[in-house]
Engineer: 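First the structure, which I've put down as structure tokens, then a few questions once you've had a look.
Residue numbers run from 1 in the order of the sequence given.
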Amino acid sequence: SMPRGMKIGQVAQEAPGTEDSLIEIVLQADTERVALLAEAEVATDPHRIADIHTRLADIESHSAEARAGAILIDAGIDESKHNLPMREIPPGLKLRVLLAQALFSRPDVLLLDEPTNNLDIHSIGWLERTINAYDATMIIISHDRHFLNQVCTHIADLDYQQLKIYPGNYDDFMLASVQARQRVEASNAKAKAQISDLQEFVRRF
């Protein structure tokens with residue numbers, strides 16, 4: 001459960017092969033701004049037009065393109081590529097654009113499924129720094145152990161429909177899970193010994 005009004009962001013699994021430019025793809029993440037700009041084109045009521053422009057000012061619409069460009073540059077995408085159509089960008093760069101799009105939406109909760117796939121070392125480093133600097137709850141699925149060690153504060157282990165939360169990064173989780181398994185095995189061994197003793201007692205008496 002989550003409080004009403006929390007914004008959830010996620011990274012699309014496949015990049016759209018559209019004519020939209022990289023900067024436009026990132027800007028599309030702010031759905032409220034997109035809707036307001038579209039309404040401003042057709043609105044005729046003076047009061048509504050005033051409300052639209054007030055809200056656009058409140059969400060700093062005038063600086064949106066600059067902010068989107070800065071995120072793309074941080075992602076290692078040179079400014080000269082920002083106006084290229086998405087379909088002309090190689091797969092590795094497309095994923096960076098989608099990550100930039102998700103971050104631009106300023107979500108309260110960000111879902112990332114295998115975010116390091118197809119990323120080079122520079123891009124993974126950028127992603128690690130960005131995640132660690134971003135103030136939000138993030139749920140990450142990844143096979144990249146090093147990446148998980150750099151960004152995770154808790155590991156959720158789902159096994160046989162049981163969810164356990166371990167504090168720390170992936171290495172901390174591995175150590176804790178091994179210790180937990182050893183405790184279970186020791187407890188099972190003790191129980192088996194007690195059963196054996198009881199069976200021997202029954203057999204004798």
Side-chain angles (χ1 to χ4, degrees), residues 2-120 122-140 147 151:
M2 293 192 306
R4 183 185 300 276
M6 289 196 76
K7 186 186 296 184
I8 299 177
Q10 65 182 35
V11 177
Q13 290 296 301
E14 294 186 9
T18 67
E19 292 294 329
D20 292 337
S21 68
L22 307 193
I23 198 77
E24 288 171 337
I25 292 290
V26 175
L27 289 170
Q28 288 168 12
D30 191 343
T31 55
E32 181 184 13
R33 178 178 177 273
V34 172
L36 287 170
L37 290 174
E39 187 180 356
E41 292 290 329
V42 297
T44 56
D45 179 63
H47 296 292
R48 180 53 189 159
I49 293 173
D51 290 341
I52 291 172
H53 286 285
T54 298
R55 183 55 186 162
L56 285 171
D58 289 342
I59 63 175
E60 300 179 338
S61 176
H62 64 283
S63 65
E65 189 165 336
R67 286 186 279 111
I71 294 175
L72 285 172
I73 290 173
D74 283 345
I77 301 175
D78 190 80
E79 189 173 359
S80 62
K81 294 184 173 69
H82 291 188
N83 290 309
L84 291 177
M86 190 70 164
R87 64 178 178 79
E88 294 184 8
I89 302 300
L93 285 185
K94 285 182 178 178
L95 185 54
R96 293 194 216 178
V97 175
L98 295 178
L99 287 167
Q101 182 188 57
L103 293 171
F104 181 75
S105 68
R106 298 174 177 173
D108 302 297
V109 178
L110 181 59
L111 308 179
L112 297 169
D113 186 4
E114 298 290 358
T116 60
N117 280 2
N118 299 317
L119 292 184
D120 57 26
H122 170 79
S123 299
I124 293 174
W126 161 78
L127 181 60
E128 290 172 357
R129 292 190 300 273
T130 302
I131 285 177
N132 287 326
Y134 192 74
D135 185 18
T137 298
M138 301 190 191
I139 300 175
I140 301 168
F147 175 72
V151 301

Engineer: When you compare the side chain of L37 with that of R33, does any pair of heavy atoms fall below 4.5 Å?
Structural biologist: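 Yes - at least one pair of side-chain heavy atoms lies under 4.5 Å apart.
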Engineer: Do the side chain of H82 and the main chain of I77 share a donor and acceptor less than 3.5 angstrom apart?
Structural biologist: yes
Engineer: Would you check, one step at a time, whether the test side-chain contact (heavy atoms from CB on, under 4.5 Å) holds for L95 with V11?
Structural biologist: CA-CA 8 Å; L95 185 54; V11 177; 4.2 Å; yes
Engineer: Grab the two heavy atoms, one from P107 and one from G9, that are nearest each other, plus how far apart they are.
Structural biologist: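 Taking P107 first and G9 second, the nearest heavy atoms are CB-N, 3.4 Å.
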Engineer: Is there a side-chain contact between L127 and P115 in this structure, where contact means two heavy atoms from C-beta onward sitting under 4.5 Å apart?
Structural biologist: yes
Engineer: Kindly compute the distance separating CG (D135) from CZ (R106), expressed to the nearest 0.5 Å.
Structural biologist: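 Separation between the atoms: 13.0 Å.
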Engineer: Between CD1 of I71 and CG of L99, what distance do you get to the nearest 0.5 Å?
Structural biologist: 11.0 Å
Engineer: How close do Q28 and V34 get, counting heavy atoms only, and between which atoms?
Structural biologist: CA-CG2, 4.0 Å
Engineer: Under the criterion side-chain contact (heavy atoms from CB on, under 4.5 Å), I'd like the reasoning laid out for L93 against L22: C-alpha separation, chi angles, the key distance, then a yes or no.
Structural biologist: CA-CA 10 Å; L93 285 185; L22 307 193; over 6 Å; no
Engineer: More than 12 foreign heavy atoms under 6.0 Å from CG of L84: is that the case here?
Structural biologist: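 Counting other residues, nucleotides and ligands, CG of L84 exceeds 12 neighbours.
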Engineer: Can you give me the closest heavy-atom contact between L27 and A68, atom names plus distance?
Structural biologist: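 Result for this residue pair: CD2-CB, 3.9 Å.
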Engineer: Identify the heavy atoms of L72 and A100 that sit nearest to each other, and give their distance.
Structural biologist: CD2-CB, 3.9 Å
Engineer: For the residue pair V151 and N132, establish whether any side-chain heavy-atom pair is separated by less than 4.5 Å.
Structural biologist: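 The answer is yes, as the side chains (C-beta and beyond) meet within the 4.5 Å cut-off.
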Engineer: Restricting to non-hydrogen atoms, name the atom on I25 and the atom on Q101 that form the minimum distance, rounded to 0.1 Å.
Structural biologist: O-NE2, 2.7 Å
Engineer: Can you check side-chain contact (heavy atoms from CB on, under 4.5 Å) on R48 and E39, steps first, answer last?
Structural biologist: CA-CA 9 Å; R48 180 53 189 159; E39 187 180 356; 2.7 Å; yes
Engineer: Hey, is the main chain of A66 close enough, under 3.5 Å, to the side chain of S63 for a donor-acceptor pair?
Structural biologist: no
Engineer: Which atom names give the shortest non-hydrogen contact between V26 and F104, and what distance separates them?
Structural biologist: O-CD2, 3.3 Å
Engineer: Just wondering, do M6 and T137 contact through their side chains at under 4.5 Å, heavy atoms?
Structural biologist: no
Engineer: Determine whether more than 12 heavy atoms belonging to other residues, nucleotides or ligands lie under 6.0 Å from atom CD of E88.
Structural biologist: yes
Engineer: Evaluate the criterion side-chain contact (heavy atoms from CB on, under 4.5 Å) for residue pair R96 and D120; output intermediate values, then yes/no.
Structural biologist: CA-CA 10 Å; R96 293 194 216 178; D120 57 26; 2.9 Å; yes
Engineer: Should we say atom CD of E32 is surrounded by more than 12 heavy atoms from elsewhere, each under 6.0 Å from it?
Structural biologist: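 Atom CD in E32 is packed in, count exceeds 12.
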